[in-house]
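So you know, we letter chains A, B, ... as the sequences are listed, proteins then strands, and number each from 1.
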Amino acid sequence: MDTWQALGRTAQARPRRPEDDEHLEWILVHPNALRPCNNRRPAPEMPRANTDGKALKSSFMHRWSKLFVPTLREAPADAEVASHKFLLRAGYVRQLGAGIYNYLFLGQRSFNKIIAIVREEMDKIGQEFYLPGILPREPWEESGRWGVMGDNMFRLKDRKGADLCLGMTHEEIMTSIARNELRSYKQLPQIWYQIQTKFRDEPRPKSGLLRVRQFTMKDSYSFDLNAAGLDKSFDLHDQVYRRIFTRCGLKFVAVEADSGSMGGSQSQEFMVYTDAGEDLIASCPVCNYAANLEKATSRLEPVTEIDPTGDGSPELVHTPGCAAIADVAAFFKISPASDIKCVAYMALKRGAKETWHGVAAFLRGDHQVNETKLMGALGAAELRPMVAEELEQYLHGPAGYLGPVGLNHDAQPMGDGLTVIIDKSLEGRKNMVCGANKLDYHIRNVCAGRDFTWTLAADIRSVNEGEACPQTDAHGASCSGKLVVGKAVEVGHIFKLGYKYSEAMGARVLDENGKEVTPIMGSYGIGIERILTAAIEQKNDANGFCLAASIAPFTVVVTVTNVGDQALRETGEQLAAELEAAGLDVLLDDRDERAGVKFKDADLVGIPYRINVGKKAASGLVELVSRATGQSVDVAVAEAAAQVKQRVDEERLLADSQ
RNA sequence: CGGGGAGUGGCUCAGCCUGGUAGAGCACCUGGUUCGGGACCAGGGGGUCGGAGGUUCAAAUCCUCUCUCCCCGACCA
């Protein structure tokens with residue numbers, strides 16, 4: 001109210017002009033325009049009960065004719081994925097640079113609604129903080145991540161030359177607060193969260209808002225006394241995340257995920273299936289198994305070993321020109337499953353200093369290396385293929401003819417010599433074919449363990465679609481399902497971090513025995529714009545997209561088909577006022593445009609309900625159109641508001657019941 | 001970072017090969033006719049052709065360098 005009075009006075013200070021009212025109205029409609037940082041708080045509901053005077057009441061209405069909603073008939077050529085095209089066409093966003101976007105009115109409204117849902121749910125389990133986006137170097141040095149983050153971290157210097165970075169995640173900062181403030185087990189558990197801008201200098205921003213360099217994240221961090229406590233915090237987040245995504249109208253799956261460089265034991269991603277996604281998910285249609293391909297396993301059918309030749313001992317065979325698996329298989333008339341494939345890498349180990357180590361990975365000819373798993377098994381930070389000289393140095397052989405027989409390997413991974421790592425599916429295998437580390441030669445009758453050994457055996461392969469589900473039931477019986485692989489986008493991720501940060505940064509509390517202990521941590525993220533993007537990817541058609549009422553910028557648009565007709569205009573105004581009174585976000589399309597233009601625009605921008613005020617209004621009827629189904633029903637003007645309210649309430653009820 | 005593509009009014013694009021000083025549709029402004037799925041007529045405004053340098057009497061067009069954006073890959077707590 002202070003704002004309104006102050007503005008009122010300013011406006012009165014000079015002779016009133018007709019446009020003053022309009023301008024005043026504009027500001028009143030947008031109380032946030034005067035807030036310095038409306039990103040931090042959702043648009044507060046205006047205190048409707050406290051409003052006085054007709055002017056204010058009527059000014060509440062959002063009239064399309066007064067708004068800036070720059071819809072585009074055609075999508076800019078730069079946009080490829082559906083969500084990107086539609087966000088641009090619907091006037092939600094405009095691009096400023098690669099992976100950098102302006103949010104316009106509709107985009108920001110939708111955004112604020114998503115944030116409001118996230119906040120409402122997160123407040124049930126945690127406490128909201130707000131940490132800075134610009135961060136000093138020191139905490140990152142303490143955790144060891146100043147170096148690890150590499151070029152993905154935006155770095156800058158202040159005027160004194162001190163190093164700063166733009167926050168890409170906040171484990172360090174939250175942990176520093178915990179270290180400084182938490183003293184006793186009695187203060188645990190704690191769940192602290194924030195909704196804040198993150199910066200990541202992505203090597204390749206892409207797909208509109210799917211991979212960007214500045215985005216908004218809800219990130220939370222839990223501090224518990226012990227593993228059981230962490231399990232609880234993790235489960236709380238799991239439950240709350242499910243509610244958040246459900247309320248936002250997303251169809252999602254929770255999948256097992258790789259922990260990556262975050263460290264930690266368990267991690268779960270919340271994924272939305274869409275071809276625009278960058279992740280591959282393996283899931284079982286029979287049981288509930290679902291995992292990121294970086295993590296997924298499968299049950300392999302036993303391989304029928306081929307018969308040995310000669311006395312069964314390894315035999316050198318001249319195989320000219322057979323460098324590829326397919327050539328070798330054809331030459332020996334065997335299945336690729338009986339061939340041993342070698343993929344040779346140089347692996348980076350990060351410690352006090354960075355060192356590169358030779359690694360030879362062996363697996364079945366018909367399998368593919370999963371580099372995420374491989375790095376995990378090795379404890380490597382990066383991988384790159386060996387070059388020819390390195391192949392010669394470590395394996396003494398040329399590409400295409402590499403094999404495990406006769407290799408000198410280290411006993412421990414990532415030593416000075418060669419690390420030989422085999423996929424578990426090779427253990428116990430017999431009579432296989434492999435390269436001889438000699439141009440144009442292979443060896444047959446090769447048995448794992450007898451003819452070659454290894455530094456370590458691990459699961460380092462990617463599962464293939466159609467392989468058997470790895471799950472077993474309570475009685476130990478195998479699941480009968482076959483895995484299917486689909487593309488998805490990650491909208492949330494929850495991690496059990498363990499002690500990595502609390503230990504590194506020296507956070508300690510006293511337990512009930514007065515003994516110093518390190519709290520155990522979890523970290524949990526939700527990408528706010530990815531919710532919007534995923535929702536659009538999930539529900540769009542030729543005309544535009546459809547958002548759930550919970551996250552749409554407006555719940556209902558009242559389309560006055562012909563504003564030249566005063567009766568229609570008045571009916572529209574009145575109906576919109578009723579919808580407002582019912583607590584719905586209403587947009588009144590009072591533009592002097594042809595009906596077709598307004599219908600197209602309404603469909604484009606994703607508002608879930610539309611009420612057409614047209615010819616039938618004379619007989620007291622309007623049309624209620626659902627964007628999702630396209631279905632239209634005639635309802636009495638007097639009933640329309642209640643009908644929309646009922647549908648929206650049902651949608652919310654449905655979400656709540658899940 | 002490797003590979004590919006593109007920069008010409010706000011948007012989509014033509015013109016470039018074969019140099020001669022910029023065009024269409026949509027959008028925008030004015031007037032009129034229209035008015036239920038992106039109307040029509042008439043008139044009008046708006047572009048140093050991403051930037052720099054060069055060749056030439058003359059460059060959107062040819063050459064060199066550079067910047068930006070998009071796609072594939074690498075990468076991606």
From [options], nucleotide with atom closest to [X] side chain:
{"X": "A:Glu74", "options": "B:C75, B:G38, B:G25", "result": "B:G25"}
{"X": "A:Ala98", "options": "B:C71, B:C69, B:G25", "result": "B:C69"}
{"X": "A:Pro76", "options": "B:C76, B:U12, B:G36", "result": "B:U12"}
{"X": "A:Pro203", "options": "B:A74, B:G38, B:C70", "result": "B:A74"}
{"X": "A:Phe599", "options": "B:G37, B:C76, B:U34", "result": "B:G37"}
{"X": "A:Arg204", "options": "B:U34, B:G73, B:C26", "result": "B:G73"}
{"X": "A:Asp603", "options": "B:C35, B:G37, B:G38", "result": "B:G37"}
{"X": "A:Arg213", "options": "B:G37, B:A39, B:C69", "result": "B:C69"}
{"X": "A:Asn562", "options": "B:C35, B:G36, B:C76", "result": "B:C35"}
{"X": "A:Ala77", "options": "B:C70, B:G38, B:C13", "result": "B:C13"}

Taking atom [atom1] in both [N] and [M], what distance in whole Å separates the two?
{"N": "B:C11", "M": "B:G54", "atom1": "P", "result": "31 Å"}
{"N": "B:G7", "M": "B:C41", "atom1": "P", "result": "30 Å"}
{"N": "B:U18", "M": "B:C62", "atom1": "C1'", "result": "11 Å"}
{"N": "B:C16", "M": "B:G2", "atom1": "C1'", "result": "29 Å"}
{"N": "B:G4", "M": "B:G9", "atom1": "P", "result": "26 Å"}
{"N": "B:A60", "M": "B:U55", "atom1": "P", "result": "16 Å"}
{"N": "B:U64", "M": "B:U48", "atom1": "P", "result": "26 Å"}
{"N": "B:G5", "M": "B:A58", "atom1": "P", "result": "32 Å"}

Side-chain-base donor-acceptor pair under 3.5 Å for [X] and [N]:
{"X": "A:Arg211", "N": "B:C76", "answer": "yes"}
{"X": "A:Arg384", "N": "B:G2", "answer": "no"}
{"X": "A:Glu623", "N": "B:G36", "answer": "yes"}

Distance, nearest 0.5 Å, that separates CD1 of A:Ile520 from CD of A:Glu503
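These two atoms lie 11.0 Å from each other.
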Spacing of CG belonging to A:Leu104 relative to OH belonging to A:Tyr92, to within rounding of 0.5 Å:
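With rounding to 0.5 Å, CG (A:Leu104) is 11.5 Å from OH (A:Tyr92).
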Expressed in angstrom and rounded to an integer, what is the separation of [X] atom [atom1] from [N] atom [atom2]?
{"X": "A:Glu382", "N": "B:A74", "atom1": "CD", "atom2": "C1'", "result": "11 Å"}
{"X": "A:Asp78", "N": "B:U12", "atom1": "CG", "atom2": "C1'", "result": "12 Å"}
{"X": "A:Asp589", "N": "B:G38", "atom1": "CG", "atom2": "C1'", "result": "13 Å"}
{"X": "A:Asn612", "N": "B:G37", "atom1": "CG", "atom2": "C1'", "result": "10 Å"}
{"X": "A:Leu72", "N": "B:C13", "atom1": "CG", "atom2": "P", "result": "12 Å"}
{"X": "A:Asn152", "N": "B:C76", "atom1": "CG", "atom2": "P", "result": "7 Å"}
{"X": "A:Lys295", "N": "B:C76", "atom1": "NZ", "atom2": "P", "result": "17 Å"}
{"X": "A:Arg591", "N": "B:A39", "atom1": "CZ", "atom2": "P", "result": "12 Å"}

Check: For A:Lys487 and A:Met271, what are the C-alpha separation, side-chain angles and deciding distance, and is it a side chain to side chain contact (heavy atoms under 4.5 Å, CB included)?
Finding: CA-CA 9 Å; A:Lys487 278 174 124 177; A:Met271 313 291 288; over 6 Å; no
Scan [X] against the nucleic acid and name what it touches under 4.0 Å (heavy atoms): base, sugar-phosphate only, or nothing.
{"X": "A:Arg89", "answer": "base"}
{"X": "A:Ala75", "answer": "sugar-phosphate"}
{"X": "A:Lys206", "answer": "sugar-phosphate"}
{"X": "A:Ser207", "answer": "sugar-phosphate"}
{"X": "A:Asp565", "answer": "nothing"}

Respond yes when some side-chain nitrogen or oxygen of A:Lys600 is under 4.0 Å from OP1 or OP2 of B:G37, and no when none is.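 Indeed not, no polar side-chain atom of A:Lys600 lies that close.
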Exercise. Could you go through the side chain to side chain contact (heavy atoms under 4.5 Å, CB included) check for A:Phe129 and A:His170 one step at a time?
Key: CA-CA 11 Å; A:Phe129 284 23; A:His170 282 72; over 6 Å; no
Salt bridge (charged side-chain N to carboxylate O under 4.0 Å, His left out) contacts touching residues 594-619 of chain A (sequence neighbours left out) =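 Every pair satisfying salt bridge (charged side-chain N to carboxylate O under 4.0 Å, His left out) with a residue in residues 594-619 of chain A: A:Arg591-A:Asp601, A:Asp603-A:Arg610, A:Asp603-A:Arg627, A:Lys616-A:Glu623, A:Lys616-A:Asp634.
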Item to check | B:A42 - base-pair partner by Watson-Crick or wobble geometry, distances under 3.5 Å | outcome: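 Base partner found: B:U30.
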How about A:His84 and A:Tyr101: are their ring centres within less than 6.0 Å of each other?
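Yes, the ring of A:His84 comes within the 6.0 Å limit of the ring of A:Tyr101, centre to centre.
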Begin from the C-alpha positions of A:Tyr103 and A:Glu529 and carry the test side-chain hydrogen bond (donor to acceptor under 3.5 Å, both in side chains) through to its verdict. CA-CA 11 Å; A:Tyr103 288 77; A:Glu529 36 275 272; 2.9 Å; yes
Across all chains, not counting sequence neighbours, the salt bridge (Lys or Arg N to Asp or Glu O under 4.0 Å) partners of A:Asp235 are none
